[in-house]
Undergrad: 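Right, I'll just put the structure down here and ask away after.
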Amino acid sequence: QVQLVESGGGLVQPGGSLRLSCAASGFTFKSYAMNWYRQGPGKDRELVARITTTGDSTEYADSVKGRFTISRDNAKNAVYLQMNSLKPEDTALYFCNRDLVFIKKSGGSWGQGTQVTVSS
C-alpha cells in the first residue's frame, strides 16, 4: 500500500525558512519522479515543484522559483522541499506525491499533508 508521510511544516514569519520532508513507501520510489503539491485556502491544488527519478532535473512553479528547492534521497525513499524567503501567499497544506497519472492509476493515494502558515 502506498504511504506518504509529510512533515516539517509550521508557523513562520514572512522571510523565514522551512524544510519539508516526505517519507514514501509501497512503491519503487526511485522509478518515479516526485512532486510537491500545495493547496491554499479557497484554492485548487497546484504543482509547486517536481524532481526527476535521479534528481538530475527540477521544475518549479513561477511563484516559487528562486526561493524553493526540491531534492530527493533515493536510498532513504525521501523527498524534501527547502523553502526560503517565505511569503504569506505560500500558506497552504503541502503534499508530496508522484505524477497525477500514476496517482490515478493506483486509485488515488495521498498523505495527510503538512501545514505551512506564513504570518506575522
Undergrad: With a cutoff of under 4.5 Å between side-chain heavy atoms, which Ile, Leu, Val, Met, Phe, Trp and Tyr residues group with L11?
TA: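 When side chains under 4.5 Å apart are linked, L11 ends up in no cluster with other residues.
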Undergrad: If you look at every heavy atom in A24 and L4, which pair is closest and at what distance?
TA: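 Scanning both residues, the minimum pair turns out to be CB-CD2, 3.8 Å.
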Undergrad: Whether the side chain of T52 engages the backbone of S57 through a donor-acceptor N/O pair (distance < 3.5 Å, no angle test) should be reported.
TA: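 A pair under 3.5 Å: yes.
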Undergrad: Flag yes if V12 and F68 sit in one hydrophobic cluster, no otherwise; membership is Ile, Leu, Val, Met, Phe, Trp, Tyr, and two members link when side-chain heavy atoms are under 4.5 Å apart.
TA: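 Yes; tracing contacts between hydrophobic side chains, which count when under 4.5 Å, links both residues.
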Undergrad: Under a single-linkage definition using a 4.5 Å side-chain heavy-atom cutoff for Ile, Leu, Val, Met, Phe, Trp and Tyr, are F95 and L18 assigned to the same hydrophobic cluster?
TA: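 Cluster IDs for F95 and L18 differ.
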Undergrad: Who are the side-chain hydrogen bond (donor to acceptor under 3.5 Å, both in side chains) partners of K65, not counting sequence neighbours?
TA: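 For K65 the side-chain hydrogen bond (donor to acceptor under 3.5 Å, both in side chains) partners, ignoring immediate neighbours, are D62.
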Undergrad: Can you give each donor-acceptor pair under 3.5 Å made by side-chain atoms of residues 82-94, sequence neighbours left out, with the distance rounded to 0.1 Å?
TA:
{"residue": "Q82", "atom": "NE2", "partner": "N84", "partner atom": "OD1", "Å": "3.0"}
{"residue": "N84", "atom": "OD1", "partner": "S17", "partner atom": "OG", "Å": "2.9"}
{"residue": "D90", "atom": "OD1", "partner": "R38", "partner atom": "NH1", "Å": "3.0"}
{"residue": "D90", "atom": "OD1", "partner": "R67", "partner atom": "NH2", "Å": "3.0"}
{"residue": "D90", "atom": "OD2", "partner": "R67", "partner atom": "NH1", "Å": "2.8"}
{"residue": "D90", "atom": "OD2", "partner": "R67", "partner atom": "NH2", "Å": "3.4"}
{"residue": "D90", "atom": "OD2", "partner": "K87", "partner atom": "N", "Å": "2.8"}
{"residue": "T91", "atom": "OG1", "partner": "P88", "partner atom": "O", "Å": "3.0"}
{"residue": "T91", "atom": "OG1", "partner": "V118", "partner atom": "N", "Å": "2.9"}
{"residue": "Y94", "atom": "OH", "partner": "R38", "partner atom": "NH1", "Å": "2.9"}
{"residue": "Y94", "atom": "OH", "partner": "D90", "partner atom": "O", "Å": "2.7"}

Undergrad: Are V116 and L20 packed together at the side-chain level, in the sense that at least one heavy-atom pair is separated by less than 4.5 angstrom?
TA: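 Yes, side chains in contact.
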Undergrad: Taking atom CD of E46 as the centre, does the number of heavy atoms from other residues, nucleotides or ligands within less than 6.0 Å exceed 12?
TA: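 Enclosed.
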Undergrad: Could you check whether R72 makes a cation-pi contact with Y80, meaning its NZ or CZ is under 6.0 Å from the centre of the six-membered ring and within 45° of the ring axis?
TA: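 Not satisfied by the 6.0 Å and 45° rule.
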Undergrad: Hey, what do you get for NZ (K30) to CG (N77), rounding to the nearest 0.5 Å?
TA: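 These two atoms lie 10.0 Å from each other.
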Undergrad: Can you pull the salt bridge (Lys or Arg N to Asp or Glu O under 4.0 Å) pairs that have at least one residue in residues 97-118, sequence neighbours excluded?
TA: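 Those involving residues 97-118 are R50-D99.
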Undergrad: With distance as the sole test, does Q115 use its side chain to make a donor-acceptor pair with the main-chain N or O of G10 at under 3.5 Å?
TA: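 Not a single qualifying donor-acceptor pair exists.
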Undergrad: Would you say I51 ends up clustered with V2 if hydrophobic residues are merged whenever their side chains have heavy atoms under 4.5 Å apart, either directly or through other cluster members?
TA: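 Yes: a chain of side-chain contacts under 4.5 Å links V2 to I51.
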Undergrad: Counting only N and O atoms by type, is there a donor-acceptor contact under 3.5 Å from the side chain of N35 to the main-chain atoms of N97?
TA: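 Answer holds: yes.
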Undergrad: Does any non-hydrogen side-chain atom of W36 lie less than 4.5 Å from one of C22?
TA: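 With C-beta onward as the side chain, the pair touches.
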Undergrad: Taking the side chain as C-beta and beyond, is there a heavy-atom pair between M34 and F29 under 4.5 Å?
TA: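 In short, these two side chains touch, coming nearer than 4.5 Å.
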Undergrad: L81 and R19: side chain to side chain contact (heavy atoms under 4.5 Å, CB included), yes or no, with the steps?
TA: CA-CA 6 Å; L81 186 68; R19 191 178 86 143; over 6 Å; no
Undergrad: Could you grab the distance from atom OG of S120 to atom CD of Q13, nearest 0.5 Å is fine?
TA: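 Atom-to-atom, S120:OG and Q13:CD are 7.0 Å apart.
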Undergrad: Sequence neighbours excluded, which residues qualify as ring pair (Phe, Tyr, Trp, His ring centres under 6.0 Å) partners of Y32?
TA: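 By the ring pair (Phe, Tyr, Trp, His ring centres under 6.0 Å) rule, Y32 matches F27, F102.
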Undergrad: Under the rule for side-chain contact (heavy atoms from CB on, under 4.5 Å), what residues qualify as partners of L100, not counting sequence neighbours?
TA: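 side-chain contact (heavy atoms from CB on, under 4.5 Å) list for L100, sorted by chain: Y37, I103, W110.
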